[in-house]
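Each chain gets a letter, A, B and so on, in the order the sequences are listed, and its residues count up from 1. Just so it is clear, the values below take in all heavy atoms, side chains as well, and ignore hydrogens, waters and symmetry mates.
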Number of protein chains: 2
Amino acid sequence: MALQPVARRSVPDEVFDQILDDVVSGEFTPGEALPSERRLAEVLGVSRPAVREALQRVAQAGLVEVRQGDSTTVRDYRRHASLDLLPRLLLPRGELDPSVARSILEARLLIGPRVARLAAERAGARLEARLLTAVAAIEADPDPVARQRHALVFWDHIVDGADSIVFRLMFNSLRAAYEPALGALATLMANEVDQVDVYRALAGRITGGDADGADRAAHDLLAPATDALLTAIRQLEELP
Amino acid sequence: MALQPVARRSVPDEVFDQILDDVVSGEFTPGEALPSERRLAEVLGVSRPAVREALQRVAQAGLVEVRQGDSTTVRDYRRHASLDLLPRLLLPRGELDPSVARSILEARLLIGPRVARLAAERAGARLEARLLTAVAAIEADPDPVARQRHALVFWDHIVDGADSIVFRLMFNSLRAAYEPALGALATLMANEVDQVDVYRALAGRITGGDADGADRAAHDLLAPATDALLTAIRQLEELP
DNA sequence: CAAAATCGACTGGTATGACCACTTGACCTC
DNA sequence: GAGGTCAAGTGGTCATACCAGTCGATTTTG
């Protein structure tokens, strides 16, 4: 039995999670007023500063609007939240949401090849050592979850090489969504992280400055998982 | 002289802005320890809860790491921040950062056509009324800044129709970056928002369910601004 | 009677002070 | 050198008091 570090959760963190989950789950609907800070503190059995801290963070996440003198109201997170919300949407109650997973894989399939292309154009040979190290780490590790981690490192280098702050920050958010879901996604991703030769080919295209080749190789690497998930979703929908 | 509403800024907001700017500008470097909450409160002449609230928000934004018992340390925002940071990077000190603008336009050019394609496939005729209303609003408004706002509404509908939570949340973040920069970008975007016929054609392709046509029309609409900016950046780099 | 002003209740915003929980480095013991 | 203890400093939490703003009900004014 592997002992895990015990992460102590702060009071505002707990409050933040509760409010966030209630907004995302629809318990609180857009336009609705939340209970006052004082009331929430009473109901939750915590201090008002803790509630306040949590609420300011929920506001920063785009899920509520706080105005002095008036109740805090709920916003439509689909219109106001950022990609930071993705982890909550991907794993509500610890189970994978198929439409969110689909959406992530679709975006990945669009962005990955473009990022690979930009890395080939803008970084090329400078990425060689880091990419080959990451490929070797993928190859050396038999565990599919750990392979996914190494693959994220591989893509981290590529995104760096793409020299685009937007894709860099997007990657951060997508990785943050992905990491808690590595286990749930392991079956879907196993084929992908087993194709070490494709990773190596992609690395070669990028470091060789072959933008078209990199684009195609990234697509070849990423497409199967998206296809597999779409197929699985379709089969689920065909069940009676 | 137009009188503007005075937005009262809260103390934690001011503190948050200062710390964020100092991290993004490099005043505080990754790994470095920030002054303690008590010290910051003293130096800034505010209460410790205000500092604490601001710091927890800076931590949520991915720019610092807060651990009980130890100093708060600065993280590399390029590795840990999300797209929420984009407004700060696009307009540091009120002036457009060309490489960030380029990065945004590149991403837009990649994602826009795909989102248009998905909207054509998944929403089609259901978007007609809203898209035509937005096109009419663009056409009816002579002011280029206001036209950009209407264009954002136009794209908001398309992103809704794409039925992808990832692209939906991405759009929120990109819009948040874009909105404060509407004025600065007006010259670059003027040609684009003047092409009402192209907006109308794109709306037609989407509502007609023509995915390929929508993809192409979106590309035709979005590409010129990216090209113009790349040209302008190249010319800037060629100056002695 | 309608518009404007006032008022009270409630909301969020801010500060002070006290105390708790944790980390880290210095120092001591074996 | 390894392990334990301690003190100082860090962040975490709470209670209390008061300030600033919003909104609806009520009153006043024209």
Side-chain angles (χ1 to χ4, degrees), chain A residues 3-20 22-23 27-75 80, chain B residues 3-20 22-23 27-75 80:
Chain A
L3 299 180
Q4 299 288 345
V6 176
R8 185 169 183 271
R9 304 261 301 156
S10 74
V11 169
D13 275 348
E14 301 272 17
V15 175
F16 176 78
D17 281 348
Q18 276 202 48
I19 297 172
L20 213 66
D22 283 348
V23 173
E27 189 84 32
F28 294 126
T29 56
E32 188 174 349
L34 290 196
S36 69
E37 292 179 356
R38 292 173 177 92
R39 180 69 182 142
L40 281 171
E42 188 187 314
V43 167
L44 298 173
V46 300
S47 71
R48 193 177 145 212
V51 168
R52 165 170 196 78
E53 190 179 306
L55 275 180
Q56 298 296 331
R57 286 170 51 198
V58 176
Q60 183 167 297
L63 274 72
V64 298
E65 183 178 12
V66 177
R67 282 189 314 130
Q68 183 173 350
D70 204 358
S71 302
T72 293
T73 54
V74 176
R75 285 176 161 214
H80 293 103
Chain B
L3 298 181
Q4 299 288 342
V6 176
R8 184 168 183 275
R9 302 261 299 158
S10 74
V11 170
D13 275 349
E14 299 275 6
V15 176
F16 175 79
D17 280 349
Q18 274 203 48
I19 297 173
L20 212 67
D22 283 349
V23 173
E27 190 83 34
F28 293 125
T29 56
E32 188 174 348
L34 289 196
S36 69
E37 292 180 357
R38 292 174 177 91
R39 180 67 184 144
L40 280 171
E42 188 187 313
V43 167
L44 298 173
V46 300
S47 71
R48 193 176 144 217
V51 169
R52 166 172 195 75
E53 190 178 304
L55 275 179
Q56 298 297 331
R57 286 171 51 199
V58 176
Q60 180 167 302
L63 274 70
V64 297
E65 183 177 11
V66 178
R67 282 188 315 131
Q68 183 172 350
D70 203 359
S71 303
T72 293
T73 54
V74 176
R75 287 177 160 211
H80 295 102

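In this structure, Phe16(A) atom CZ and dG12(D) atom P are separated by 15 Å, rounded to whole Å. Taking atom CD of residue Glu32(B) and atom P of nucleotide dT10(D), one finds them 15 Å apart after rounding to whole Å. The separation between Ile19(A) atom CD1 and dG12(C) atom P is 11 Å, rounded to whole Å. Rounded to an integer number of Å, the gap from Leu55(A) CG to dT11(C) C1' is 12 Å. Across the protein-nucleic acid pair, Asp13(B) atom CG and dG12(C) atom C1' stand 13 Å apart, rounded to whole Å. If you take CD of Glu65(B) and C1' of dG12(D), they are 16 Å apart, rounded to a whole angstrom. The nearest whole Å value for the distance from the CZ atom in Arg48(B) to the C1' atom in dG13(C) is 18 Å. Straight-line distance from the CD atom of Glu37(A) to the P atom of dC19(D): 18 Å, rounded to whole Å.
Base engagement by Arg38(B) is indicated by at least one non-hydrogen atom pair under 4.0 Å involving a base atom. Counting non-hydrogen atoms under 4.0 angstrom, Gln56(B) reaches the backbone sugars and phosphates but no base.
Mapped onto DNA chain D by nearest heavy atom, Asp70(A) and Glu53(A) fall at different nucleotides, with Glu53(A) at the one closer to the 5' end. Comparing Ala50(A) and Leu34(B) along DNA chain D, the residue whose closest nucleotide (by nearest heavy atom) sits nearer the 5' end is Leu34(B). Between Ser71(A) and Pro49(A), it is Ser71(A) whose nearest contact on DNA chain C lies nearer the 5' terminus.
Residue Ser36(B) places its side chain closer to dT10(D) than to any other of dG13(C), dT10(D), dC14(D). Distance from the side chain of Gln68(A) is smallest for dG21(D) among the nucleotides dC14(D), dT14(C), dG21(D). With dG12(C), dT13(D), dC23(D) as the choices, the nucleotide that has an atom nearest any side-chain atom of Ser10(A) turns out to be dT13(D).
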Output side-chain donor-acceptor pairs under 3.5 Å for residues 45-52 of chain B, partner residues at least two apart or in another chain, one line each.
| from | atom 1 | to | atom 2 | distance (Å) |
| --- | --- | --- | --- | --- |
| Ser47(B) | OG | Ala50(B) | N | 3.4 |
| Arg48(B) | NE | Glu37(B) | OE1 | 3.0 |
| Arg48(B) | NH2 | Glu37(B) | OE1 | 3.2 |
| Arg52(B) | NE | Glu53(A) | OE1 | 3.2 |
| Arg52(B) | NH1 | Glu37(B) | OE2 | 2.9 |

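When every heavy atom of Ala59(B) is checked against every heavy atom of Val66(B), the shortest pair comes out as CB-CG2, 3.9 Å. Taking all atoms of both residues into account, the shortest heavy-atom contact from Glu32(B) to Glu27(B) is OE1-O, 4.0 Å. Closest non-hydrogen pair, Gln18(A) versus Leu44(A), comes out as OE1-CD2, 3.9 Å. Of all heavy-atom pairs between Val15(A) and Ala54(A), the closest is CG1-CB, 3.6 Å.
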Using the rule given for side-chain contact (heavy atoms from CB on, under 4.5 Å), can you reason through Leu34(A) versus Leu55(A), listing the C-alpha separation, both sets of side-chain angles and the distance that settles it, and then say yes or no? CA-CA 10 Å; Leu34(A) 290 196; Leu55(A) 275 180; 3.7 Å; yes
Applying side-chain contact (heavy atoms from CB on, under 4.5 Å) to Asp13(A) and Arg57(A), what does each step give before you reach the verdict? CA-CA 9 Å; Asp13(A) 275 348; Arg57(A) 286 170 51 198; 2.8 Å; yes
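Two residues are said to be in side-chain contact when any heavy atoms from C-beta on lie closer than 4.5 Å; Thr29(B) and Val74(B) fail this criterion.
Distances shown here put every side-chain N or O of Ser47(B) at or beyond 4.0 Å from the OP1 or OP2 atom of dT16(C).
The base of dG13(C) is not paired with the side chain of Arg67(A) by any donor and acceptor separated by under 3.5 Å.
Paired regions of DNA chain C, where each region holds three or more successive Watson-Crick or G-U pairs whose two hydrogen-bonding distances fall under 3.5 Å, are C:1-30 with D:1-30.
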